[in-house]
J.: 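Handing you a structure now.
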Amino acid sequence: PIVERLVNSMMYHGRNNGKKLLAMKIVEHAFEIIHLLTDQNPLQVLVDAIIKAGPREDSTRIGSAGTVRRQSVDVSPLRRVNQAIYLMTVVTREASFRNIKTIAEC
């Protein structure tokens, strides 16, 4: 299911909406590159990257009577995974935009 969520998060920004086969090919190609470069299991590399990329702590707005201050809070495990996948896909999309490298190589 974690790879499926990665594929689904690749399908953002208007021109890529609903193109699941394209997103699946991108992820498959990226896994192939990871396997060739590192000789490791690409799924394990993905899981390790998600563990390392997820934020442990976040800030929320605590406000009463018009005054707002930021309060530090812990992040739930599900939100950590969601945000890690989101950040990874956003960075790869930005890295491949106006670049010779394909999105799978980034």
J.: Applying the 4.5 Å side-chain criterion to the ILVMFWY set and letting contacts propagate, would V27 and L43 be lumped into a single cluster?
T.: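 In one cluster with V27: L43, yes.
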J.: What distance do L46 atom CG and L6 atom CG have between them, rounded to the nearest 0.5 Å?
T.: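 The CG atom of L6 is 5.5 Å from CG of L46, to the nearest 0.5 Å.
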J.: Are I2 and V45 linked, directly or through other ILVMFWY residues, by side chains that come within less than 4.5 angstrom of each other?
T.: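 Yes, same cluster.
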J.: Using 0.5 Å steps for rounding, measure from the CE atom of M88 to the CD1 atom of I50.
T.: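 Reported value, rounded in 0.5 Å steps: 5.0 Å.
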J.: Which heavy atom of P42 sits nearest to which heavy atom of I34, and what is that distance?
T.: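 Between these two residues, the closest heavy atoms are CA-CG2, 4.1 Å.
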J.: Do you know the tightest heavy-atom contact between S59 and R70?
T.: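 Taking S59 first and R70 second, the nearest heavy atoms are OG-NH2, 3.2 Å.
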J.: Consider only side-chain heavy atoms of I, L, V, M, F, W and Y, link residues closer than 4.5 Å, and tell whether I85 and F31 are in one cluster.
T.: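 Linked, I85 and F31 end up in one cluster.
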J.: What distance do E28 atom CD and L21 atom CG have between them, rounded to the nearest 0.5 Å?
T.: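 It comes to 10.5 Å.
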J.: When you compare the side chain of M10 with that of L22, does any pair of heavy atoms fall below 4.5 Å?
T.: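 No, their side chains stay 4.5 Å or more apart.
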J.: Would you say the side chain of T60 lies within less than 4.5 Å of the side chain of I62, judging by non-hydrogen atoms?
T.: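 Counting from C-beta outward, I62 and T60 do come under 4.5 Å.
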J.: Check whether L87 and V3 end up in the same hydrophobic cluster, where Ile, Leu, Val, Met, Phe, Trp and Tyr are linked by side-chain heavy atoms less than 4.5 Å apart.
T.: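 Different clusters.
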J.: Under a 4.0 Å N-O cut-off, is there an ion pair linking K25 with E32?
T.: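 No, K25 and E32 are not salt-bridged.
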J.: When hydrophobic residues are tied together by side-chain contacts of less than 4.5 Å, even through go-betweens, does M24 share a cluster with I26?
T.: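 M24 and I26: one cluster.
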J.: Answer whether the closest heavy-atom distance between the side chains of N8 and M11 falls below 4.5 Å.
T.: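 Sidechains of M11 and N8: in contact.
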J.: Between E57 and S72, is any side-chain donor less than 3.5 angstrom from a side-chain acceptor?
T.: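 The answer is yes; a qualifying pair exists.
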